[in-house]
Engineer: 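To start, I am sharing the structure in question, which I have written as structure tokens.
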Amino acid sequence: MNLTRRTFVAGSAAVLAGTLTACTAERTADYYRGANGGDGALIGVSMPTKNLERWSRDGENLKSLLEDLGYVVELQFADNKVEQQNSQIQTMINKSPAVIVVGSIDGSALGPVLETASGLGIKVIAYDRLIRDTKAVDYYVTFDNYNVGALQGRYIVDALDLDHTAGPFNFEPFAGSPDDNNARFFFAGAWDVLTPYISSGKLVCPSGKLPASVDDWQSIGIQAWSNTTAQAEMENRLNSFYSATTRVDVVLCPNDAIALGVGQALDSAGYGGSDWPVLTGQDADQANVANIVNGKQSMTVFKDTRALGERCVTMVDQIAQGRDVEVNDTASYDNGALVVPSYLLDPVTVDAGNVRQILVDSEYYTAEEVGL
Ligand code: BGC
């Protein structure tokens with residue numbers, strides 16, 4: 001069969017339905033090949049939301065990289081609504097893509113729709129966030145999520161010089177969205193670095209919002225990584241447990257959206273200058289990088305979405321060309337139904353000392369964009 005993608009898409013609904021039923025997981029490389037030899041296949045890209053900078057960047061980046069290779073791309077953002085993501089993926093399946101790339105909202109809510117895809121021989125790549133509790137996920141491409149949290153933890157240890165100072169420092173931890181599998185890894189990475197200092201009393205938590213164990217991380221999770229929820233939570237903690245004499249010294253924020261909300265709460269509570277706490281983040285969002293430059297955020301963990309996009313596109317291309325798909329981790333990401341073959345990229349700490357080198361010299365931002 002040497003069916004081109006364009007002829008295929010142009011077919012009538014009846015032909016489409018018939019062909020869909022005939023397709024099996026045994027689709028061949030020829031099936032995927034378009035008129036130009038190796039390209040022209042349809043790729044679905046389902047991203048969680050356009051409202052967080054990182055996802056809109058990721059979606060557009062994937063689309064343009066795939067189009068550069070000659071693929072036809074259907075890109076959808078799901079407004080952080082699980083139902084919307086399910087129905088957008090179903091619509092993609094109806095168009096018979098070769099591969100669907102999914103940045104999930106709720107990693108456990110996509111099993112049935114992806115099982116439909118899988119039954120039709122459509123390959124599924126979990127993008128950045130693991131898809132859980134289903135065998136209908138072929139590959140996972142992400143950053144080393146545990147290490148993201150470990151970098152945040154280590155930054156705190158160094159910034160407060162915890163190995164050489166008695167403290168105690170007032171510490172407030174936050175975790176990411178309870179439905180996001182990554183959030184657990186981020187928290188676990190930070191937790192493993194920070195628990196010795198909590199146990200020794202160098203870090204204390206006046207609000208008491210310290211999970212009893214790493215498994216209890218969801219108790220401090222911020223639903224949908226919302227900056228406004230984070231702001232309200234930080235305001236509560238500041239109002240109830242802090243004062244003009246009891247100041248917060250350090251806040252573990254798992255990502256930049258949460259750091260922005262926490263920063264706003266600190267601003268309103270009159271923090272500034274030398275009593276601004278150590279504040280972590282992740283994603284190198286533009287506003288947060290500007291805050292690093294002007295002293296209102298200590299660090300962020302940069303996950304170069306260009307590299308993630310390129311790796312994901314390599315995977316898509318290897319699948320579509322019927323080649324071996326390169327992975328570098330076959331042990332870490334058990335999704336409850338299988339250990340998903342993964343490709344992990346390295347995250348990098350960015351602070352005021354290396355922001356120019358890492359983000360400007362690499363042309364992720366211009367100096368003006370981040371206030372340099
Ligand atoms: C991603 C983070 C992001 C967060 C909120 C996580 O799954 O890995 O980079 O900050 O979702 O969108």
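Just so you know, ligand 1 is whichever comes first in the structure, and atom 1 is the first atom listed for that ligand. Values in this document were obtained by computation on a predicted structure and should not be read as measured data.
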Engineer: Identify, with sequence neighbours excluded, every residue that meets side chain to side chain contact (heavy atoms under 4.5 Å, CB included) alongside Ala136.
Structural biologist: Leu114, Glu115, Ser118, Thr134
Engineer: The criterion is side chain to side chain contact (heavy atoms under 4.5 Å, CB included); which residues satisfy it with Ser219, sequence neighbours excluded?
Structural biologist: Pro211, Asp216
Engineer: Could you please provide the protein residues found below 4.0 Å of ligand 1 on a heavy-atom basis, arranged by chain and number?
Structural biologist: Leu52, Arg54, Trp55, Asp128, Arg129, Asp180, Asn182, Phe186, Trp225, Asn255, Gln282, Asp283, Lys303
Engineer: Run the side chain to side chain contact (heavy atoms under 4.5 Å, CB included) test against Glu67 and tell me which residues pass, sequence neighbours left out.
Structural biologist: Lys63, Val73
Engineer: Hey, are the side chains of Ile43 and Pro97 touching, using non-hydrogen atoms and a 4.5 Å cut-off?
Structural biologist: no
Engineer: For the side chain of Asp329 and the backbone of Tyr343, is there at least one donor-acceptor N/O pair under 3.5 Å apart?
Structural biologist: no
Engineer: Determine yes or no for a side-chain-to-main-chain donor-acceptor pair under 3.5 angstrom, with Thr246 supplying the side chain and Ser243 the backbone.
Structural biologist: no
